[in-house]
There are 2 protein chains.
Amino acid sequence: MTARAELRWVVDTRELRYFVAVAEELHFGRAAQRLGIAQPPLSRAISRLERRLGVALLTRTSRSVVLTAPGAVLLEEGRAALDALDAAENRVRRAALAADGEPGVVLAVKAGASGELLAKLLSAHAVEPGAARIEVELCGPGQQTRLLRSGRADVALLHLPFDDVAGLDTEELLTEGQVAVLPAGHPLTTRRGLRLADLDGVPDLPHPRWPGPDGGYPDGPGPEVHDSAQLLQLVSLGRTLVVVPESVRAQLPEGVVAVPVVDAQPVTTVIAWPPHSRSLAVAQLVETALRL
Amino acid sequence: MTARAELRWVVDTRELRYFVAVAEELHFGRAAQRLGIAQPPLSRAISRLERRLGVALLTRTSRSVVLTAPGAVLLEEGRAALDALDAAENRVRRAALAADGEPGVVLAVKAGASGELLAKLLSAHAVEPGAARIEVELCGPGQQTRLLRSGRADVALLHLPFDDVAGLDTEELLTEGQVAVLPAGHPLTTRRGLRLADLDGVPDLPHPRWPGPDGGYPDGPGPEVHDSAQLLQLVSLGRTLVVVPESVRAQLPEGVVAVPVVDAQPVTTVIAWPPHSRSLAVAQLVETALRL
DNA sequence: GTCATCCATACCCCCGCGGTATCGGTCGGT
DNA sequence: ACCGACCGATACCGCGGGGGTATGGATGAC
């Protein structure tokens, strides 16, 4: 038994990281700089990877580098594989810490979202017999899946259809409509319901700009924001508007008004965890959430 | 931007493969043999891995090797990460082939299962405009997920609750009861319905033995089988019995009889695909399947 | 006590990764 | 049209580290 050909592996993590860097930068020099190595070894590593795979990943002229179709596949799949490696590493480290002082379960939640649901979940879980300690990790929008995939969190509350749940196990918790949060006294607040089109064309209330996955901000007229308290203050100052799930109404401050957005797609809050989770504590938490 | 600490990686694929081998064998000598290297480099590699992680993965006495709790986590997560790496490699290779002659989509199906559904799906897909060529990969029970996870298939038909769909995206197709397939003329065939307990205690019809993930067969009195045609022949010869979803009735040969099993849990057939699938062809196939 | 087993250590060799220097090709400026 | 800047590929070198053999040391069977 175990007569599998155990040798023969082609792609090594270092090479894969190198390739991802080049594929993201589309520039060997910058990629090398980012990786902290010189450019020639990087060129050789990519060439060797292509030779071993027997596949052209990049088409380079001396002035530009572009991905081939297989190269795009490797970028996508390679990122997932590297995430899985990082996740393995982080989970092992956390398992080792759990053996000593128990940090319990890390729950990733988008800061400012699902406040009521989160409170109910935590209090319901606290009374469970043998409940693990829960550490709530508040993070920016869309960062929960990153924490989950990289193994720095065990379970997360996500919001469909915004978060990408590909490769995660999920259970639905609740579905709700969305409301627009506007400065009190703004003309739009007199309406009973709004459409998304009404909100796009408001010159004095441009949409806010959140940091992207790389930490940078997209271009646009709206203010740069990085947390929800700041965002709500900007709304009350009449500088921006934002569309959020209606449960956020319960925690709106003075000076802002919520108006239903009738044609916004409903938001579903799900609890998500990485596959292969053998953790009893996570399973228990999910079960508690489903009973809410 | 991209000021992330890009260096700092701890776990290398070679070391991870080495660790998985040792963790599976729980024996450095055998693991080294399986890996095709000598034992001392293996010991050093594991030690180095533990030192870099700062975590004890194995407790070794000079007579035995056992996994620590973090070691068990690394075994589980590491396998998933290695699968992801293999998958990336295979998908890149397949994407490269697709650029030339197009092998289209590989659909993994358990040999002998879902025959009717499969036929309907293939014919429905064939009339779709711009339908990709579909290559059906017939495999043993439980092997579909392996093909999917390792990137050798793009989409699969699985059967809950038998197959493990952790980490796969799925859509339900149909749910059905199960029937016992028995040799014609056997006393049990006179019954209108059976219970699982009725089938366990039949001395002349022991359950068949399928190959496990490692290709080996478990111990037991039943015959070793590796494909469904052989299995049905063994049933008609009065050597074994088998419990299958009721849709299989449509393709039973002479000499065997199907009897409903009233307390068997219903089987749900799902279509599954790996996450991060950017493939239009897979999406189209899934959509077609959902319309059946 | 002796031997077999099994993991760790010591030591050696050599492959290959990363470095510097340089080439060759392409685009932009004047 | 020529020159220079830019950028990826190639050539060559040094050294770290992976894998090999030989051996040590601890443990359990008899």
Side-chain angles (χ1 to χ4, degrees), chain A residues 2 5-68 71 74-75 82, chain B residues 2 5-68 71 74-75 78 82 85:
Chain A
T2 69
E6 200 78 43
L7 0 161
R8 186 181 65 91
W9 88 97
V10 174
V11 41
D12 159 26
T13 56
R14 185 174 1 93
E15 287 173 344
L16 192 51
R17 282 183 210 280
Y18 286 4
F19 171 75
V20 169
V22 174
E24 284 177 355
E25 300 283 348
L26 291 178
H27 191 292
F28 280 75
R30 280 194 298 274
Q33 191 176 3
R34 192 173 115 184
L35 293 165
I37 65 172
Q39 169 259 321
L42 182 56
S43 285
R44 272 185 307 158
I46 302 294
S47 302
R48 197 177 39 245
L49 178 59
E50 287 179 310
R51 199 166 45 245
R52 280 212 287 256
L53 279 169
V55 172
L57 301 170
L58 301 163
T59 55
R60 331 90 144 118
T61 69
S62 64
R63 300 298 288 179
S64 74
V65 176
V66 293
L67 281 171
T68 63
L74 184 58
L75 176 58
L82 291 177
Chain B
T2 69
E6 201 78 42
L7 1 159
R8 183 182 67 92
W9 89 96
V10 174
V11 41
D12 152 29
T13 56
R14 185 173 358 93
E15 288 173 342
L16 193 50
R17 287 191 145 84
Y18 286 5
F19 171 74
V20 169
V22 174
E24 283 178 357
E25 299 283 348
L26 291 179
H27 190 290
F28 281 75
R30 279 194 300 273
Q33 190 176 2
R34 192 173 115 184
L35 292 165
I37 65 172
Q39 168 261 319
L42 182 56
S43 286
R44 273 185 307 161
I46 302 294
S47 302
R48 196 176 41 245
L49 178 59
E50 287 179 309
R51 200 164 46 244
R52 281 212 286 257
L53 280 169
V55 172
L57 301 170
L58 300 162
T59 54
R60 330 92 143 116
T61 69
S62 64
R63 300 300 288 181
S64 75
V65 176
V66 293
L67 282 170
T68 62
L74 185 59
L75 176 58
L82 291 177
L85 276 168

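Letters A, B, ... mirror the listed sequences (proteins, then strands); counts begin at 1.
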**OP:** Using heavy atoms to find the nearest nucleotide of DNA chain C for His27(B) and Pro41(B) separately, return the residue whose nucleotide is more 5′.
**Re:** His27(B)
Subject >> Earlier contact from the 5' end, DNA chain C, for Thr61(A) and Val65(B) >> reply: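 Upstream on the strand: Val65(B).
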**OP:** Would you check if Glu25(A) and Leu35(A) make a side-chain contact, meaning some heavy-atom pair closer than 4.5 Å?
**Re:** no
**OP:** Report yes if some heavy atom in the side chain of Leu58(B) is under 4.5 Å from a heavy atom in the side chain of Phe28(B); otherwise report no.
**Re:**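 The answer is yes; the side chains approach within 4.5 Å.
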Between [atom2] on [N] and [atom1] on [X], what's the gap in Å once rounded to a whole number?
X        : N       : atom1 : atom2 : result
Arg14(A) : dG16(C) : CZ    : P     : 12 Å
Ile46(B) : dT9(C)  : CD1   : P     : 14 Å
Gln39(B) : dG25(D) : CD    : P     : 16 Å
Leu57(B) : dC7(C)  : CG    : P     : 16 Å
Gln33(A) : dG18(C) : CD    : P     : 17 Å
Leu42(A) : dG18(C) : CG    : C1'   : 11 Å
Leu35(B) : dG18(D) : CG    : C1'   : 14 Å
Glu25(A) : dG8(D)  : CD    : C1'   : 15 Å

Original post:
Would Leu53(A) and Val11(A) count as a side-chain contact (heavy atoms from CB on, under 4.5 Å) if you check the C-alpha gap in whole Å, the side-chain angles of each, and the deciding distance to 0.1 Å?
Top reply: CA-CA 8 Å; Leu53(A) 279 169; Val11(A) 41; 5.6 Å; no
Original post:
Using a cut-off of 4.0 Å on non-hydrogen atoms, how would the nucleic acid contact of Arg30(B) be classed: base, sugar-phosphate, or nothing?
Top reply: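 Touches nothing.
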Original post:
Phosphate oxygens OP1/OP2 of dC6(C): is one of them under 4.0 Å from a side-chain N or O of Arg60(B)?
Top reply: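 Checking dC6(C) against Arg60(B), no side-chain N or O comes under 4.0 Å of OP1 or OP2.
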**OP:** May I ask you to verify if any side-chain N or O of Arg48(A) is less than 4.0 angstrom from the OP1 or OP2 atom of dC17(C)?
**Re:**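 Answer is yes, contact under 4.0 Å.
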Subject >> Arg44(A) (side chain) and dG18(C) (base): donor-acceptor pair under 3.5 Å >> reply: yes
**OP:** Could you list the residues that satisfy side-chain hydrogen bond (donor to acceptor under 3.5 Å, both in side chains) with Thr13(B), not counting sequence neighbours?
**Re:** none
Original post:
Do Arg51(B) and Glu15(B) meet the salt-bridge criterion of a basic N to acidic O distance under 4.0 Å?
Top reply: no
